[in-house]
Amino acid sequence: MAIQKNLACFIVSHPLNKFKGSFGTHSPRLFIRNPSSFLRLGTSICLLQRILAPFHSRSSSDRRTLFNNRRSMLDLITNLDDALKLFDEMTHRQPLPSVLKFNQLLQAVTKMKHYSSSIAFFKQMNVVGVPVDVYTINIVIKCCCQMYRTNEGFVILGFAFKRLVVPNVCTFSTLLHGLVLEDRVLKAEILFKKLIKEELCEPNAIMYSTMIKGLCNFGNNNTAISLLKLMDRKGCEPNVVTYSTIIDSLCKDKMVDDALKLFKEMVFHKGILPNVVTYTSLIHGLCNLCRWDEVSKMLKEMEDERIALNVRTYSTLVDALCKEGKVEDAESVINLMIERGTNPNIVTFNSLIDGYCLRGEMSKARKVFDFLGFRGLAADVMTYSTLLNGYCKNSNIEEAMPLFHEMIKNGMKPDVITYSIMLEGLFRVGRCKAALELFYEMRAHNQVPNECTYTIVLDGLCNNNQVDEALSLFHLMGDNKLNSDIFVYTVLIDGASKSGKLDIARILFNGLTVKGLQPDVRTYNVMISGFLREGLVGEARVLFSEMEERGCSPNSVTYNFFLQGILKNQQHDKVEMLLQEMDGKGFSLDASSVSLLLDHIKDRSLDASLLKLIGKLVPKDGVDAPSFMV
DNA sequence: GTAGGGTTAG
């Protein structure tokens, strides 16, 4: 296949090769397979005998078996069916096996993510009279929390109290984590404070880290940092996880410099070594800000510290390169990771597919998609959505539609994003009827349209001269948060004015204040361009000068719209002043403004002396390339 | 001798 040939070519010349041999320093033990995983379980009785045998004799060799059994339980139970049979056997034993054995079984089931089964086992344990302990309680609470049913976790806690089982710091950390998972940070804070105040347990690093994670999820980085300092003062040493949590949060909030500061504090003041996770967060943050030199520096640091990149680190690089349009380099990175013994996963390839889609190279995107099977990977909902998005954005609904059906046939459930992508694709090619059918179909499949979906539908209707339909749908939506969304309004105002219904656009715009909505710069921009489209330069100018007073500064787009408007309306005397203003504000001309200006200079309606100023306002070409691949 | 926390993608 051509793509495979390409992959081979790219790897040879790739500059990341200079790090070769350093990232992939995998310990050989990674390749030693656990022999027990080859054991096939015949019957559960055999399994039961293996696990319970040591409890009926106490010789030294049996104690060794017992020690080995610790691994056996987790390793041998590889499916729910075995676990069920074993549990059934155990509950029928006389005398009953110890709670430890039950806990191990529960833990094995929990590790397989069969949370509700774990809870069912727990209930059955109580029925048959196994005396549960704090370990049992903790496992079961974790199951509740993982299922986003933390309240039930608290019920279990109450049960524990009744049974005189004393909860410990693990119990409360699990519950705290459950609240964090459910975004109930306020409740988490209350619990955390209560634990300290009532001395129910002594918080340790894990508990602090959990609370810190909750605060970070809520965007409360500062409080998270305060808590980090507090734990330090309380003599509870933060570790690499604690620091990485905050570093990641800062990076996600684009506060990479703060993250780097914290990183330095961790390494140089605390002597805590960063790990691959810490570096991955920083690299991700730096990639998002296109700070390629520093990405390169981080990679070098990892090399020096002998910290191997993992699939997430590589995927971060692949994704960043793809978003920069450097898809070939992304392929090189994928080849490199394979060479170094890290297998790319479906996430890695989704980024690559998206990269080709963004460049409109759909046949290459498709080849990567078809190639997944060869690597033992299966496309997931996101893979399909990415490829569908590529086809739809490139107006190729003929390819998208069968793929969409294929996805459903393969047992994949399109989500609200998939539907939104398809809707956008259908509207783009003018197939409004099919789009509306799909819009109603998605609800039949329990996919609730979100703001984005509605915006696509309203925009699609407006662009296809169905403003009236758009407006009636908008009113049908009722008085919910969707029609108090300024973005949705902006789409409607734009749609109405573009289809020549400026009066409706004006009514919508003027109605904003009544609704208590503040127009944003995009709203002003579409309204101004609406006025200019109709030659209403005066009204456009009024709005243009009013927006600043109303606390919304015009941006580069506003100036370009306004400039194009006055050029089209032959108001040449205003041009120079506007250009000066743009220069003063550091704005630049877009491609259509430049070409329009040049046309007017060519036909002498504008003076050629403006060329110097225009030259100043043309943006410098070319985006900085990631230097770690130059 | 079993239990609790952190990283990637539309």
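First the proteins, then the strands, lettered A, B, ... as listed; each starts at 1. Note that these values count all heavy atoms, side chains included, but never hydrogens, waters or copies made by symmetry.
Among the heavy atoms of the strands lying under 4.0 Å from A:Asp248 are primed sugar atoms or P, OP1, OP2 only; no base atom is included. Looking at heavy-atom distances under 4.0 Å, A:Ser385 makes contact with a base. At a threshold of 4.0 angstrom between heavy atoms, the contacts of A:Val381 include nucleobase atoms, whether or not backbone atoms are also involved. Counting non-hydrogen atoms under 4.0 angstrom, A:Lys393 reaches nothing in the nucleic acid. Within 4.0 Å (heavy atoms only), A:Asp354 reaches sugar-phosphate atoms of the nucleic acid but no base atom. A:Val318 comes within 4.0 angstrom of nothing in the nucleic acid, heavy atoms only.
Taking atom NE2 on A:His284 and atom P on B:dG6, their separation rounds to 18 Å, with Å as the unit. The distance between atom CE of A:Met125 and atom C1' of B:dA3, rounded to the nearest whole Å, is 13 Å. Put simply, CG on A:Asn310 is 12 Å from P on B:dT7, counting in whole angstrom units. Rounded to an integer number of Å, the gap from A:Tyr279 OH to B:dG6 P is 22 Å. Atom P of nucleotide B:dT8 and atom CG of A:Asp380 are separated by 16 Å, given to the nearest angstrom. What separates CD1 of A:Ile353 from P of B:dT8 is a distance of 20 Å, to the nearest Å.
The base of B:dG5 sits with one of its N or O atoms less than 3.5 Å from a complementary donor or acceptor on the side chain of A:Ser209. Side-chain atoms of A:Thr174 stay outside donor-acceptor range of the base of B:dG4, with no qualifying N/O pair under 3.5 Å. For a distance-only test at 3.5 Å, the side chain of A:Asn103 fails to qualify as a donor-acceptor partner of the base of B:dG1. The base of B:dG4 has none of its N or O atoms less than 3.5 Å from a complementary donor or acceptor on the side chain of A:Asn168. A donor-acceptor contact under 3.5 angstrom links the side-chain atoms of A:Asn204 to the base of B:dG4.
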A:Ser351 and A:Asp354: side chain to side chain donor-acceptor pair (under 3.5 Å), yes or no, with the steps? CA-CA 5 Å; A:Ser351 290; A:Asp354 196 39; over 6 Å; no
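Applying the 4.0 Å criterion to OP1 and OP2 of B:dG4, one finds that A:His177 has every side-chain N and O outside that range. Between A:Lys323 and B:dA9 there is no side-chain N or O to OP1 or OP2 distance below 4.0 Å. For B:dA9, the OP1/OP2 oxygens have no side-chain nitrogen or oxygen of A:Lys252 closer than 4.0 Å.
The closest donor-acceptor contact from the side chain of A:Ser385 to the backbone of A:Val381 lies under 3.5 Å.
Each of B:dT8, B:dT2, B:dA9 was ranked by its minimum atom distance to the side chain of A:Thr316; first place goes to B:dT8. For A:Asp133, whose side chain is taken as the heavy atoms from C-beta onward, the closest listed nucleotide among B:dA9, B:dG5, B:dT2 is B:dT2. Considering only the side chain of A:Ile206, B:dG4 comes nearest among B:dG1, B:dA9, B:dG4. Out of B:dA3, B:dG1, B:dG5, the shortest distance to the side chain of A:Gln107 is found at B:dA3. Distance from the side chain of A:Lys142 is smallest to B:dG4 among B:dG4, B:dT8, B:dA3. Checking B:dG6, B:dT7, B:dA3 against the side-chain heavy atoms of A:Cys170 singles out B:dA3 as nearest. Comparing B:dA3, B:dG6, B:dA9 by their nearest atom to the side chain of A:Thr278 picks out B:dG6. Nearest to the side chain of A:Val134, among B:dA3, B:dT8, B:dG6, sits B:dA3.
Ionic pairing of A:Glu328 and A:Arg359 is present here: one or more N-O contacts between side-chain nitrogen and carboxylate oxygen are shorter than 4.0 angstrom. In this structure, A:Asp248 does not pair ionically with A:Lys213, as no charged nitrogen and carboxylate oxygen lie closer than 4.0 Å.
Partner of A:Ser118 under the side-chain contact (heavy atoms from CB on, under 4.5 Å) criterion, chosen from A:Leu105, A:Thr136, A:Val109: A:Val109.
A:Phe487 pairs by the ring-ring contact (aromatic ring centres under 6.0 Å, His included) definition with nothing, not counting sequence neighbours.
Between A:Phe87 and A:Phe121, the ring planes lie parallel to each other; the angle is under 30°, not in the 30° to 60° tilted range.
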